[in-house]
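First up is the structure itself, then whatever we jot down about it.
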Amino acid sequence: MSIYESLNPVQQEAVYHTEGPVLILAGAGSGKTRVLTHRIAYLIEEMGVNPWNIMAITFTNKAAEEMRERVDKIVGFGSESIWVSTFHSTCVRILRRYIDRLGFDNNFTIYDTDDQKTLIKDVCKRLDIDTKTYKERNIMAAISKAKEEMITPEEYLLNAGGDYAQKKMAGIYQEYQKQLKKNNALDFDDLLCKTVELFEYNPDVLEYYQNRFRYIMVDEYQDTNTVQFRFISMLAKKYKNLCVVGDDDQSIYKFRGANIQNILGYEKVFPEAKVIKLEQNYRSTGNILNAANMVIRNNKGRKDKTLWTDREEGEKLKLCQCETGYEEAERIVAEIKQLVAGGTYRYSDCALLYRTNAQSRILEEQFVRENIPYKVVGGVNFYARKEIKDLLCYLKTIDNGRDDLAVRRIINVPKRGIGATTIDRVQEYAAEHEMSFYDALRMAEQIPSLGRAASRIIPFVNQIQVLRSKLEFMSLKDFMEEIIASIEYEKEYENEDAEEVAARMENVDELISKLADYEESEEQPTLSGFLEEVALIADIDSLDDSSNRVVLMTLHSAKGLEFPKVFLCGMEDGLFPSYMCITSDDPSDLEEERRLCYVGITRAMDSLTISFAKQRMIRGETQWNKPSRFLKEIPFELFEGMIKENKIKEMPKNNSYASAKQAFQTRAFQPKAFAVNDSKELDYGVGDTVFHIKFGTGIVKEILEGGRDYEVTVEFEKAGVRKMFASFAKLKKL
DNA sequence: CAGCCATATCTTTTT
DNA sequence: GATATGGCTG
C-alpha cells in the first residue's frame with residue numbers, strides 16, 4: 001500500500017494536484033501538515049522533482065523543524081536539500097548572499113525589538129523630538145506598518161501631505177533607516193522588505209531563486225502580510241507552482257499586519273487556482289468541535305465551511321466559575337493534579353491558555369505552591385533578558401564593531417566609570433568624522449572634548465581587541481567563558497540578592513550550553529552564524545514535548561499546537577475579548593478575537609475546561625467582569641453540570657494590597673450607601689453621570705466608605721461595571 | 001558619575 | 001504589581 005492511501009480522498013486530491021496555484025483551506029486539526037509533507041514526498045518520488053527545487057515556508061522555527069522531521073521520515077532520499085524554513089530565515093539566507101547589491105555589508109546584524117527601541121530613542125534625541133508627545137512604541141508601530149506595506153520614508157513623507165505629525169514621523173522613519181544602514185543592521189521588517197527590494201532591482205537574482213524554487217508551499221497562509229505576500233508571489237511568478245495552506249478562521253495576527261485578504265482573495269489573484277477544503281477534523285471530540293463551530297459561525301467575513309469529525313462526542317466541556325483569579329488558579333491546578341494522579345494523563349498533556357501574558361503569574365505561583373512542573377512559553381524572551389543581551393552584545397562587538405548599539409550597551413557593563421556625557425561626546429565625534437562609534441573609541445585620545453575621560457575608554461578598547469585576537473584559537477563555548485572571566489561579569493550583580501543572581505547565572509549557563517549545542521550541530525560554526533540564529537528565535541521554538549510539564553501560554557502562541565487537555569482561562573468580557581476590542585468601533589476587531597477563541601477551543605483533543613473569575617486584579621486594579629460573550633455562543637448542552645463552587649479560599653496573605661481589598665469586601669456585605677451630599681470630598685453622588693479618563697462616561701451606582709477613601713461603583717457605557725477608589729479614579733461630574 | 005527614590009504607564013496578542 | 005524613566009544627592 002502506498003503512503004498516500006492513508007490519506008482521505010480530499011487530502012489525496014491536495015497531494016496529487018502538484019502543478020499550478022493551489023489553495024488548501026485547512027480547518028483546525030484537519031491534517032494539513034500531513035498533507036504538506038506527503039505532497040513533498042509525492043513531488044519527489046512520483047513526479048521526479050529535484051528536492052532542491054522545493055521550498056516550504058512556515059512562521060516559526062518550531063513549525064519548520066517539525067515539518068523537516070516529518071519530511072525526513074517519509075522522503076527516502078534527498079530531503080536535506082529541501083528548503084524548509086521561516087520567512088525570516090529564508091530572507092536572511094538570501095540577503096547574506098546578495099545584500100551587498102543594496103549597499104549593505106553581507107555580515108549585517110539583525111535588530112530585535114529592544115534594539116529598535118533604543119535606536120528610535122536615539123533618533124528622537126538627534127532630531128530633537130519629544131518622546132512624550134511621540135511615544136517610541138507608536139513610532140515603532142508606525143514604521144513597522146509602513147514597512148509591512150512597503151512604504152519608503154520618501155513615500156511616507158508624500159502621503160503625509162500637510163499633516164504635521166505625519167511629516168515628523170516621516171522624518172524619524174528616514175533617519176531611523178539611515179542609522180540602521182550606518183550600523184549595518186536590519187530590523188525584522190527589513191528582512192522581508194530588503195529581500196523584496198533586492199528582487200525588484202536585481203532581476204538576475206530573482207530569476208535565480210525563481211528557478212531554484214519551482215515548487216513553493218506556504219503554511220499558515222492566513223497570517224501573511226503584504227510584504228510576505230509580495231515576496232512569495234515574486235518567487236512563484238515564473239512557474240506558478242504555489243501551494244498555500246491556511247484557515248481564514250485562524251487568522252489572528254492582524255495587529256501584526258497580517259492581511260486576511262491574502263487568503264480570502266487568493267482566487268482573485270490566481271483565477272486558475274485549485275481550491276481544496278479539508279473539513280474533516282482528526283483532533284477533537286465531537287463536543288469540542290461543536291463548541292468551536294458554534295462560536296466561529298458568528299463571524300461574518302469568512303469562507304463557508306463546517307468541520308466535522310467521526311470521533312465520538314466525548315466528554316462534555318467543563319465550566320469552572322470562580323470568585324477570583326486566585327481561586328481560578330487554585331482549582332485548575334487542583335484538577336490537573338487529580339488528573340495526573342489518575343494515571344492516564346501526564347503533565348505535558350495539559351495546556352493552560354490565556355489571552356494575556358500577565359495572566360501567567362498567578363497561575364505560576366499556584367504551580368510552584370503545589371510543586372507541579374510547568375513551563376511558561378512567551379513573556380520575556382530568553383534572549384531579551386539583560387544578562388543574555390549584555391553578553392550577546394559583547395559577542396556582537398567582537399564580531400562586528402559596526403554595531404554601535406551593541407558597543408554602547410556594553411561600554412559601561414560592568415561599570416568602567418564611563419558616563420553619558422562621555423558617550424555623547426564620542427558619538428558626536430563619530431558622527432562628525434563619519435566613522436563608527438567603536439572606531440571613534442579606538443582613537444579616544446585624539447578626541448579633544450573627552451579630556452581625562454579618554455583614559456577610561458582605552459582599557460575597554462584594549463580588552464575588546466585582546467578578546468578579538470583570541471577568538472580564532474578557541475571554541476565558541478570557551479570563548480564565551482573567557483569573556484565572562486575577562487570582564488568579571490559577576491561584579492555587575494554583586495548588589496542584587498542571591499536568588500536573583502542565581503537565576504541570572506543559570507541563564508548565563510544556558511547561553512553557554514546553547515553555544516556548545518550550536519557548535520556541535522553546525523558543520524562550520526562561526527560567531528556570526530550563532531548570532532544570526534539567535535536573532536530569529538522565538539520562545540515557542542524551545543518547547544519540546546519530551547519533558548513532562550504543564551504548558552502555559554497565550555492563545556496566540558498556541559496556534560498550530562494540540563493538547564489532550566486544554567484549559568481556557570480568564571474567559572471574561574474585558575479580558576477575553578479584550579477591553580480594547582470591545583470598545584473599538586471596528587466590529588472586525590471582535591471577529592479577530594472570536595477567531596482567537598476558536599483557535600483556543602480547537603487546540604483541545606479530549607477535553608476542554610473553560611474558566612472565568614467574577615473578580616480579577618488587573619494592573620493593580622480589581623475588576624468585576626461578566627463572563628465572556630463567547631461563552632454564550634456555546635450551547636448550554638455541551639457543558640456538563642457546572643462544577644460546584646468551592647468555598648472561597650482565603651486570599652494570599654503576602655499581598656498587602658489584596659488584603660486591603662479583602663477588608664473592603666467584608667465591609668461590603670453591610671454597605672453603607674452615601675447620599676449625594678453626605679460626602680464632603682466627592683462632588684458627585686449615586687445616580688450622577690461621571691467621566692473617567694479611560695473608561696469614558698458612566699453612571700455612579702454606589703459609593704462606599706472605606707477608611708480614608710471612598711470606593712465608587714460606576715456603570716460605564718462601554719467598559720461595564722467598575723469599582724474604583726475615588727482618589728485614584730479622578731472622576732469628573734458631568 | 002552612580003545610586004537612590006519618586007513617578008508614570010502599562011497590556012492584548014509576536015516573527 | 002512591575003517596570004522604565006527622571007530627578008536628586010553624595
Side-chain angles (χ1 to χ4, degrees), chain A residues 57-64 85-92 110-114 116-118 121 131-132 135-137 140-141 144 147-148 187-192 220 223-225 227-228 251-258 325 353-362 365 377-381 383-384 386 412 414-423 452-453 456 495 535-541 553-559 570 574-584 589 592-593 595-597 599-600 617-622 652 654-658 661 693-694 728:
Chain A
I57 292 201
T58 62
F59 273 82
T60 64
N61 296 299
K62 184 178 159 66
S85 77
T86 65
F87 272 105
H88 295 267
S89 27
T90 301
C91 289
V92 171
I110 301 164
Y111 276 0
D112 66 15
T113 326
D114 259 23
Q116 256 185 71
K117 200 170 163 196
T118 318
K121 266 188 212 159
T131 48
K132 285 223 169 73
K135 297 249 167 51
E136 291 100 335
R137 29 180 304 110
M140 281 164 70
S144 181
K147 288 184 178 179
E148 273 152 13
D187 65 20
F188 282 135
D189 300 310
D190 279 341
L191 294 178
L192 265 304
E220 306 283 11
D223 289 328
T224 50
N225 62 29
V227 215
Q228 288 164 337
S251 160
I252 53 175
Y253 282 108
K254 186 172 141 201
F255 73 95
R256 209 172 66 190
L353 309 181
Y354 38 77
R355 179 67 238 267
T356 66
N357 280 309
Q359 285 167 261
S360 75
R361 213 199 77 241
I362 190 166
E365 281 169 3
V377 175
V380 196
N381 189 324
Y383 292 99
K386 182 184 177 302
N412 207 25
K415 308 262 176 309
R416 295 187 175 91
I418 302 171
T421 3
T422 312
I423 293 176
R452 279 174 298 118
R456 306 200 180 242
N495 293 330
L536 296 175
I537 280 177
D539 204 40
I540 188 81
D541 300 336
M553 66 182 124
T554 63
L555 288 152
H556 282 89
S557 303
K559 198 184 60 168
L575 190 59
F576 186 35
S578 80
Y579 167 72
M580 294 287 262
C581 79
I582 294 176
T583 49
S584 156
D589 286 348
E592 171 132 334
E593 207 79 351
R595 289 193 290 270
L596 197 52
C597 181
V599 168
M617 178 93 100
I618 293 170
R619 294 201 300 271
E621 190 179 26
T622 303
N654 55 356
N655 178 336
S656 58
Y657 191 65
K661 274 285 186 187
I693 188 96
K694 195 160 143 205
F728 291 118

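Proteins come first, then strands; the chains are lettered A, B, ... in the order of their sequence lines, and each starts at number 1.
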- Query: Taking NZ, NE, NH1 and NH2 as the nitrogens, is one of them in Glu148(A) or Arg256(A) under 4.0 Å from a carboxylate oxygen of the other?
  - Reply: no
Nucleotide nearest [X] (side chain, heavy atoms from C-beta), chosen from [options]:
| X | options | value |
| --- | --- | --- |
| Arg256(A) | dT12(B), dT14(B), dT11(B) | dT14(B) |
| His88(A) | dT11(B), dT12(B), dT15(B) | dT15(B) |
| Thr60(A) | dT15(B), dT14(B), dC10(B) | dT15(B) |
| Thr422(A) | dT13(B), dC1(B), dT15(B) | dC1(B) |
| Phe188(A) | dT12(B), dT15(B), dG1(C) | dT15(B) |
| Thr113(A) | dT13(B), dT15(B), dT12(B) | dT15(B) |

Could you state the atom-to-atom distance from [atom1] of [X] to [atom2] of [N] in whole Å?
| X | N | atom1 | atom2 | result |
| --- | --- | --- | --- | --- |
| Asp114(A) | dT14(B) | CG | P | 15 Å |
| Lys415(A) | dC4(B) | NZ | C1' | 13 Å |
| Tyr253(A) | dT12(B) | OH | P | 16 Å |
| Glu220(A) | dT14(B) | CD | C1' | 14 Å |
| Asn357(A) | dA2(C) | CG | P | 16 Å |
| Glu148(A) | dT15(B) | CD | C1' | 10 Å |
| Asp187(A) | dT14(B) | CG | P | 19 Å |
| Phe59(A) | dT13(B) | CZ | P | 19 Å |

- Hey, does the side chain of His88(A) reach the backbone of Leu191(A) with a donor-acceptor pair shorter than 3.5 angstrom? no
- Got a donor-acceptor contact below 3.5 angstrom from the Asn412(A) side chain to the Lys415(A) backbone? no
- Go through the side-chain N and O atoms of Asn357(A) and Thr554(A) and say whether any donor and acceptor fall under 3.5 Å apart. no
- Between the side chains of Thr113(A) and Gln116(A), is a donor N or O closer than 3.5 angstrom to an acceptor N or O?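 Absent: no donor and acceptor within the cut-off.
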Would you say [X] reaches [N]'s phosphate, i.e. side-chain N/O to OP1/OP2 under 4.0 Å?
| X | N | answer |
| --- | --- | --- |
| Thr421(A) | dC1(B) | yes |
| Ser557(A) | dT14(B) | yes |
| Asn412(A) | dC1(B) | no |
| Thr554(A) | dT14(B) | yes |
| Lys121(A) | dA4(C) | no |

- With heavy atoms under 4.0 Å as the rule, sort Arg137(A) into base, sugar-phosphate or nothing.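 Sugar-phosphate, no base atom in range.
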- Message: Once you apply a heavy-atom cut-off of 4.0 Å, does Ile252(A) come out as touching a base, just sugar-phosphate, or nothing?
- Response: nothing
- Message: Taking the ring of Tyr354(A) and the ring of His556(A), is the distance between their centroids below 6.0 Å?
- Response: no
- Item | Side-chain donor/acceptor of Arg355(A) to base of dT13(B), under 3.5 Å | yes
- Message: Can you work out whether Ile618(A) or Ile418(A) has the more 5'-proximal nearest nucleotide on DNA chain B?
- Response: Ile418(A)
- Message: Should Phe255(A) be counted as stacked on dT13(B), where stacking needs a ring-centre gap under 5.5 Å and an angle between planes under 30 degrees?
- Response: yes
- Message: Give me the distance, rounded to whole Å, that separates dT12(B) from dT5(C) when you measure between the C1' atoms they each carry.
- Response: 23 Å
